[in-house]
Amino acid sequence: VRNLFATALISGLWHGAAWHFVGWGALHGACLSGGRLLSQRRRPAPRAGPDGATSSDVAVGATLLSLSAQVRFPLPFTPVPLTGQTFAVLFLGASLGSRLGAGSVAGYWAVGACGMPVFNGGSGGWAVVSGPTGGYLLGFGAAAFVVGWFAERGWDRGRSIVVPLLLGEALIYAFGL
């Protein structure tokens, strides 16, 4: 029973579903919740970032970034194609803020580094991350963070958005070159 409890606790907390694990509720729910099962407890609302962004927005942002990577225009003078990723990175930073925007890029990078075909042309893996485009991929995170930092301080309104976007674009190219 002790191993079942430990496994249920670790697995449930890791996957965010400890409240629904049958063994947990049957063995310990009534004791820990004053007679109510843990599945009947009120759950706190997820922490929101700027403008109400949550962790699900981070996952959607990483998906948007991977889809924008498939929009590519090869250039004859460089192995690095022109893609829609820079637009998506700057958009994520401005809309999600510094932490969540950079988190979207980090999630995209991690999934691609593990081998999922999310990078441009449907490629993925460590060879892409450490190849000619690897610097650009690292610059995406820095750019999303900096643009998000400016957006959190009100630089995402009107014409003032041009300054953080140009700075973010410069960061992408500084890391890439």
Q) Does one hydrophobic cluster hold both Val60 and Leu67, with members joined at side-chain heavy-atom distances below 4.5 Å? A) no

Q: Could you tell me the separation between the CG atom of Leu90 and the CD1 atom of Ile172, rounded to the nearest 0.5 Å?
A: 5.0 Å

Q. Which pair of heavy atoms, one from Ala88 and one from Leu65, lies closest together, and at what distance?
A. CB-CD1, 3.8 Å

Q: Provide the closest heavy-atom pair for Leu137 versus Val129 in the form atom of the first, atom of the second, distance.
A: CD1-CA, 4.2 Å

Q | Common cluster, Val89/Val163, ILVMFWY with side-chain heavy-atom separation under 4.5 Å | A | yes

(Q) Using the rule given for side chain to side chain donor-acceptor pair (under 3.5 Å), can you reason through Tyr108 versus Gln85, listing the C-alpha separation, both sets of side-chain angles and the distance that settles it, and then say yes or no? (A) CA-CA 11 Å; Tyr108 164 75; Gln85 290 171 301; 2.5 Å; yes

Q | Verdict with supporting geometry, Thr78 and Leu75, side chain to side chain contact (heavy atoms under 4.5 Å, CB included) | A | CA-CA 6 Å; Thr78 180; Leu75 302 174; 3.8 Å; yes

Q) For Phe91, does the CZ atom sit with more than 12 other heavy atoms under 6.0 Å from it, leaving out its own atoms? A) no

(Q) Rounded to the nearest 0.5 Å, what separates atom CG in Leu167 from atom CZ in Phe150? (A) 5.5 Å

Q: Kindly say whether Gly122 contributes a backbone atom to a donor-acceptor pair with the side chain of Gln70 at under 3.5 angstrom?
A: yes

Q.
Could you report the tightest heavy-atom contact between Thr83 and Arg72, atom names first, then the distance?
A. CG2-CB, 3.9 Å

Q) Between Phe175 and Phe140, is the gap from one ring center to the other below 6.0 Å? A) no

Q: Work out which heavy atom in Leu171 is nearest to a heavy atom in Ala142; give both atom names and the distance.
A: CD1-O, 3.9 Å

Q: Please check if the side chain of Ser104 supplies one atom and the backbone of Val58 the other of a donor-acceptor pair under 3.5 Å.
A: yes

Q: Could you grab the distance from atom CG of Asn120 to atom OG of Ser66, nearest 0.5 Å is fine?
A: 12.0 Å

(Q) So which atom in Val105 and which in Ala144 form the shortest heavy-atom distance, rounded to 0.1 Å? (A) CG2-CB, 3.9 Å

Q | Value rounded to 0.5 Å, distance of CH2 in Trp155 from CG in Leu165 | A | 11.5 Å

Q. Should Leu177 and Val146 be regarded as members of a common hydrophobic cluster, given that ILVMFWY residues are connected when their side-chain heavy atoms come within less than 4.5 Å of each other, either directly or indirectly?
A. yes

Q: Consider only side-chain heavy atoms of I, L, V, M, F, W and Y, link residues closer than 4.5 Å, and tell whether Val128 and Met116 are in one cluster.
A: yes

Q) Can you tell me how far OG1 of Thr133 sits from CG of Leu138, rounded to the nearest 0.5 angstrom? A) 10.0 Å

Q. Do the non-hydrogen side-chain atoms of Thr86 and Tyr136 ever get within less than 4.5 Å of each other?
A. no

Q.
Side-chain heavy atoms nearer than 4.5 Å, only ILVMFWY residues, links allowed to pass through others: does that put Leu166 and Trp149 together?
A. no

Q | Minimal non-hydrogen separation, Ala143 against Gly168, with atom names | A | CB-O, 3.4 Å

Q: Report the distance from atom CG of Leu64 to atom CG of Asp57, rounding to the nearest 0.5 Å.
A: 11.5 Å

